There are 2 protein chains.
Amino acid sequence: MTTPPAGLRERKKQATREALREAALRLAVERGPDQVRVEDIAEAAGVSPRTYNNYFASREQAIVSAVTADREARIAAAVTAGPAGVRLADAVTEAVVEQYANAGEREQQALLLITARTALRDAFLDATADIEPPLTAAIAERLGDAEARTARVLAASVAAAVRIALEDWLQPAGSAEAVGAAGLVVPAGSLPDHLRTTLAPLAPAFDAAERRTREGGL
Amino acid sequence: MTTPPAGLRERKKQATREALREAALRLAVERGPDQVRVEDIAEAAGVSPRTYNNYFASREQAIVSAVTADREARIAAAVTAGPAGVRLADAVTEAVVEQYANAGEREQQALLLITARTALRDAFLDATADIEPPLTAAIAERLGDAEARTARVLAASVAAAVRIALEDWLQPAGSAEAVGAAGLVVPAGSLPDHLRTTLAPLAPAFDAAERRTREGGL
DNA sequence: CCGCAATCTTGCGCGTACGCAATATTGCGG
DNA sequence: CCGCAATATTGCGTACGCGCAAGATTGCGG
């Protein structure tokens with residue numbers, strides 16, 4: 001379904017996209033993110049600057065996409081792969097955690113780069129919205145067509161929650177530090193735990209939807 | 001808290017912002033959205049083009065903000081104003097519905113404009129994200145400091161749901177039309193009902209949070 | 001093996017977004 | 001009433017985003 005042999009045309013497009021991603025990340029690492037112009041990336045990938053913009057709508061997207069790549073697809077797959085026995089909320093949570101936990105050598109290095117510059121940070125956070133469509137599909141599959149709208153809302157909520165979790169986690173801790181009182185802040189903990197905590201409040205909504213499906217399905 | 005008399009400086013800034021908003025909307029209506037350059041708006045408001053960009057980061061933002069203006073503040077106020085007796089989920093839902101239902105003459109006209117052009121439509125939808133911070137504050141007030149993180153996630157989820165509701169509602173109905181089977185689509189109904197339906201799946205999450213607060217507060 | 005329709009790439013041009021440094025405005029002590 | 005620090009406005013320069021139309025590439029049907 002995802003990749004029937006596919007024609008040469010499509011393969012070339014993917015190759016170009018890949019080349020742009022790699023070039024963007026490599027150059028950004030080599031000489032610092034601000035010293036890389038679109039022109040440079042395009043040249044390194046062997047295409048015209050205009051073509052670059054046919055693939056990426058902003059300078060930052062290419063760099064970020066080198067890290068986020070096909071995270072969306074993997075999350076959706078992980079949800080779908082989950083056994084039907086477990087709570088949907090848990091399936092989704094673990095699928096998300098899994099994808100953000102397995103940070104490879106290169107991802108780690110890129111993350112440092114991204115955290116530094118605000119523009120990149122924003123682009124990185126915006127990229128979390130991309131998980132929404134595939135996640136919608138995966139959730140809809142479990143909830144049934146009657147809850148299509150619910151699936152969409154839940155997927156969007158998850159994306160929003162993930163974004164928040166990453167936002168907090170990426171804080172240089174340079175802000176107010178301790179917020180005293182009951183403001184726990186927790187930006188220091190491990191990312192997986194942080195994601196789980198942030199997603200937790202949504203669980204009741206998933207449970208209710210799942211229950212509704214079960215009852216309706218009888 | 002919101003507006004102590006405030007100095008001249010601040011008032012002038014608001015006046016400029018207001019002037020830019022109005023100029024942008026007026027010109028967009030008069031000659032069509034694509035025939036308005038930033039230069040025109042700035043001139044009409046009596047400031048330099050460069051100053052325009054100190055107030056709005058894109059050409060579309062000014063136009064859209066003439067419609068969305070201080071929707072954020074009003075939603076937050078409506079939630080806070082809600083009696084403590086009603087379910088938080090209902091308070092939030094009704095606060096949101098209220099703000100989007102009361103569309104004035106001018107808003108209605110502007111909406112037509114916005115729906116037409118994709119760039120404006122996107123900017124309009126992106127503007128829903130602005131309700132998140134004030135909504136977070138309003139929800140946090142009801143849930144207590146211990147649920148600060150929950151408040152943030154719920155507010156973001158609401159914003160995401162509202163966005164989805166508006167997205168569907170704005171569809172030119174030019175797409176697949178009937179999705180057959182149980183895909184109800186409903187883009188034709190009234191906006192208030194549509195908002196309520198879309199927000200409904202989040203209610204259980206609100207209920208759970210509220211319950212937690214009550215128990216913890218004992 | 002060929003031609004043709006679909007699609008991708010590219011150069012061009014316009015308008016936009018924004019960092020920077022100079023200049024003007026505001027409004028708080030003195 | 002005045003000077004001074006803080007803040008806003010502006011011009012300039014650079015790079016980006018993208019619509020458009022011409023030219024190249026792909027690959028399907030004959």
Side-chain angles (χ1 to χ4, degrees), chain A residues 3-21 23-25 27-28 31-65 116-124 126-127, chain B residues 3-21 23-25 27-28 31-65 116-124 126-127:
Chain A
T3 311
L8 168 61
R9 218 182 196 111
E10 195 57 30
R11 267 181 294 137
K12 267 193 133 177
K13 271 186 76 170
Q14 292 307 341
T16 301
R17 171 170 271 108
E18 175 80 10
L20 285 170
R21 267 205 278 262
L25 181 55
L27 290 176
R31 50 171 103 157
D34 293 340
Q35 307 307 318
V36 185
R37 284 165 313 177
V38 165
E39 188 183 340
D40 303 328
I41 302 174
E43 189 185 19
V47 296
S48 77
R50 184 63 185 83
T51 296
Y52 172 91
N53 276 310
N54 288 342
Y55 285 87
F56 298 100
S58 82
R59 187 169 61 86
E60 289 78 18
Q61 272 186 20
I63 301 177
V64 164
S65 90
R117 308 287 169 172
T118 309
L120 283 178
R121 218 184 70 105
D122 290 348
F124 175 69
D126 285 346
Chain B
T3 311
L8 169 61
R9 217 181 195 112
E10 196 58 29
R11 269 180 293 137
K12 268 192 129 176
K13 270 186 75 170
Q14 292 306 338
T16 301
R17 172 170 269 108
E18 175 79 11
L20 286 170
R21 267 205 278 261
L25 180 55
L27 290 176
R31 48 171 105 158
D34 293 341
Q35 306 308 318
V36 185
R37 284 164 314 176
V38 165
E39 189 183 341
D40 303 327
I41 302 175
E43 189 184 18
V47 295
S48 76
R50 184 63 185 81
T51 296
Y52 172 90
N53 275 308
N54 288 342
Y55 285 87
F56 297 100
S58 82
R59 187 170 62 85
E60 290 77 19
Q61 271 186 20
I63 301 177
V64 164
S65 89
R117 309 285 167 172
T118 310
L120 284 178
R121 217 184 70 106
D122 290 348
F124 175 70
D126 285 346

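Computed from a prediction, not measured in an experiment: that's the story for all the values here. The chains referred to below are lettered A, B, ... by the order of the sequence lines, with proteins before strands, and numbering in each begins at 1.
Judged by Watson-Crick or G-U wobble contacts below 3.5 Å, the nucleotide C:dG30 has D:dC1 as its partner.
In this structure, A:K13 does not pair ionically with A:E10, as no charged nitrogen and carboxylate oxygen lie closer than 4.0 Å.
To the nearest 0.5 angstrom, B:R21 atom CZ is 7.5 Å from B:Q14 atom CD. Rounded to the nearest 0.5 Å, atoms CG (A:L20) and CD (A:Q61) are 12.0 Å apart.
The phosphate of C:dT9 (OP1 or OP2) has no side-chain N or O of A:T51 nearer than 4.0 angstrom. An OP1 or OP2 oxygen of C:dT9 is reached within less than 4.0 angstrom by no side-chain nitrogen or oxygen of A:Y52. Close to C:dA17, at under 4.0 Å from its OP1 or OP2, lies a side-chain N or O of B:N53. Contact annotation: B:K12 reaches the phosphate of C:dT26 (side-chain N/O to OP1 or OP2, under 4.0 Å).
The side chain of A:Y55 sits closest to C:dC8 out of C:dC8, C:dT10, D:dA15. Out of C:dG11, D:dC16, D:dT9, the shortest distance to the side chain of A:S48 is found at C:dG11. Of the candidate nucleotides D:dT10, D:dC18, C:dA17, C:dA17 has the atom nearest to the side chain of B:S58. With C:dT10, D:dC12, C:dC8 as the candidates, the nucleotide lying closest to the side chain of B:R50 is D:dC12.
Atoms CD (A:Q61) and P (D:dG17) sit 9 Å apart, rounded to a whole Å. Separating the CG atom of B:L20 from the P atom of C:dT16 is a distance of 14 Å, rounded to the nearest angstrom. Rounding to whole angstrom units, CD of residue B:Q35 and P of C:dT16 are separated by 11 Å. Here the C1' atom of nucleotide C:dT16 and the CD atom of B:E60 are 10 Å apart, to the nearest Å. Regarding A:D34, its CG atom lies at a distance of 11 Å from the P atom of D:dC16, rounded to whole Å. Nucleotide D:dT9 holds its C1' atom 16 Å from the CZ atom of B:F56, rounded to whole Å. For the pair B:R11 CZ and D:dA8 C1', the computed distance is 16 Å after rounding to whole Å. Atom CD in A:E43 sits about 15 Å away from atom C1' in C:dT10, given to the nearest Å.
Side-chain atoms of A:Y52 come within 3.5 Å of backbone N or O of A:S58 as a donor-acceptor pair. Here the side chain of A:R117 pairs no donor or acceptor atom with the backbone of A:G32 at under 3.5 angstrom.
Nucleic acid contact class of B:R59 (heavy atoms, under 4.0 Å, all strands): sugar-phosphate only.
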